[in-house]
Amino acid sequence: MDIHQIMKKLPHRYPILLVDRVLDIELHKSIRAIKNITFNEPIFTGHFPRRPVFPGVLILEALAQTSALLSFTSMGEQLTDDMVVYFAGIDGARFKRPVEPGDQLILESTVDRVRAGIYKYSARATVDGMLAAEAELMCTMRRVG
């Protein structure tokens with residue numbers, strides 16, 4: 001899935017769209033995607049000027065967007081103006097290494113369960129095969145309007 005297909009599935013846009021490409025997807029089960037970290041990211045002007053580090057909360061957001069792509073694609077949903085994906089919870093978030101400009105995050109998410117419209121995922125982000133972050137994420141999709 002390239003960036004054009006991703007933008008049809010997610011409501012996010014620059015600078016908060018944090019998934020560049022989907023490498024593979026197994027519907028209703030798992031997904032692997034990429035987020036390229038470049039020095040041009042607006043966050044690096046302040047985080048941190050002398051030693052740029054990609055914020056952990058944005059890694060979690062990238063994992064949540066990857067998870068949402070899995071769910072939207074599995075359900076066959078197309079993005080509409082009245083559809084929003086919300087975080088319902090984050091458990092066990094751990095950050096294992098800094099992520100810096102030039103790194104490529106591999107974002108992996110697996111569906112643990114779906115109950116009452118709430119999706120629970122096990123998600124992890126790696127750089128060069130080393131764990132950068134992991135968490136259990138819970139998200140829900142709602143129509144608003």
- Message: Nearest 0.5 Å, please: how far is CE in Met138 from CZ in Phe87?
- Response: 10.0 Å
- Query: What's the shortest heavy-atom distance between Leu69 and Lys9, and which atoms?
  - Reply: CD2-CB, 3.5 Å
- Message: With a 4.5 Å cut-off on side-chain heavy-atom distances among I, L, V, M, F, W and Y, is there a chain of contacts connecting Leu10 to Leu27?
- Response: yes
- About how many Å separate CG of Asp20 and CD of Gln104, when rounded to the nearest 0.5 Å? 8.5 Å
- Could you check if a side-chain atom of Leu18 sits within less than 4.5 angstrom of a side-chain atom of His12, using non-hydrogen atoms only? no
- Message: When you measure from the side chain of His47 to the backbone of Val53, do you find a donor-acceptor pair of N or O atoms at a distance under 3.5 Å?
- Response: yes
- Message: More than 12 heavy atoms of other residues, nucleotides or ligands under 6.0 Å from CG of Asp2: yes or no?
- Response: yes
- Query: Any side-chain heavy-atom pair from Ile59 and Lys35 closer than 4.5 angstrom?
  - Reply: no
- Transitive ILVMFWY side-chain link Ile34 to Leu17, under 4.5 Å: no
- Query: Would one find more than 12 heavy atoms of other residues, nucleotides or ligands at under 6.0 Å from atom CZ of Arg94?
  - Reply: no
- Message: For Leu107, run the side chain to side chain contact (heavy atoms under 4.5 Å, CB included) check against Thr66, Leu23, Thr126 and tell me which one passes.
- Response: Thr66
- May I ask you to check whether over 12 heavy atoms, not counting those of Asp81, lie within 6.0 Å of atom CG? no
- Message: Applying salt bridge (Lys or Arg N to Asp or Glu O under 4.0 Å) as the test, list every pair that has at least one member in residues 105-114; sequence neighbours left out.
- Response: Glu108-Arg124
- Using a 4.5 Å cut-off on heavy atoms from C-beta on, say whether the side chain of Lys96 contacts that of Glu134. yes
- Message: Side chains of Leu105 and Val127, heavy atoms from C-beta outward: is any pair under 4.5 Å?
- Response: yes
- Query: What do you reckon, is CZ of Arg51 surrounded by more than 12 foreign heavy atoms closer than 6.0 Å?
  - Reply: no
- Query: Just by distance, do the side chain of Ser109 and the backbone of Ala123 share a donor-acceptor pair under 3.5 Å?
  - Reply: no
- Item | Closest non-hydrogen atom pair between Ala33 and Val19, with its separation | CB-CG1, 3.8 Å
- Message: Using the rule that Ile, Leu, Val, Met, Phe, Trp and Tyr join whenever any side-chain heavy atoms are under 4.5 Å apart, tell me whether Val99 and Ile43 fall into a single cluster.
- Response: yes
- Task: Please write out which residues are connected to Val144 in a hydrophobic cluster, directly or through intermediates, given that two of Ile, Leu, Val, Met, Phe, Trp, Tyr count as joined at side-chain heavy-atom separations below 4.5 angstrom.
- Result: Val84, Tyr86
- Query: Is any side-chain heavy atom of Leu58 closer than 4.5 Å to a side-chain heavy atom of Ile16?
  - Reply: yes
- Item | Interatomic spacing from CD1 in Ile90 to CD in Glu61 - rounded to 0.5 Å | 8.5 Å
- Query: Any side-chain heavy atom of Arg32 within less than 4.5 Å of one from Ile106?
  - Reply: yes
- Any chain of hydrophobic side-chain contacts (each under 4.5 Å) joining Met75 to Tyr121? yes
- Message: Test side chain to side chain donor-acceptor pair (under 3.5 Å) on Asn40 and Thr38; report intermediate values, then the result.
- Response: CA-CA 5 Å; Asn40 296 328; Thr38 69; 4.6 Å; no
- Query: Can you list the residues that meet the side chain to side chain contact (heavy atoms under 4.5 Å, CB included) rule with Val85, with sequence neighbours excluded?
  - Reply: Ala68, Phe72, Cys139, Met141
- Working to the nearest 0.5 Å, report the span between CG of Leu70 and CD of Gln65. 14.0 Å
- Task: Measure the CD-CZ distance between Glu100 and Phe39 for me, rounded to the nearest 0.5 Å.
- Result: 11.5 Å
- Task: Over all heavy atoms of both residues, which pair between Ala135 and Ala93 is shortest? Give the atoms and the distance, please.
- Result: CB-CA, 3.8 Å
- Side chain proximity check, Asp103 to Arg97, heavy atoms < 4.5 angstrom: yes
- Distance col, row Ile25:CD1 vs Met1:CE, nearest 0.5 angstrom, shows 5.0 Å
- Should Ser67 and Tyr119 count as side-chain neighbours, where that means a heavy-atom distance under 4.5 Å? no
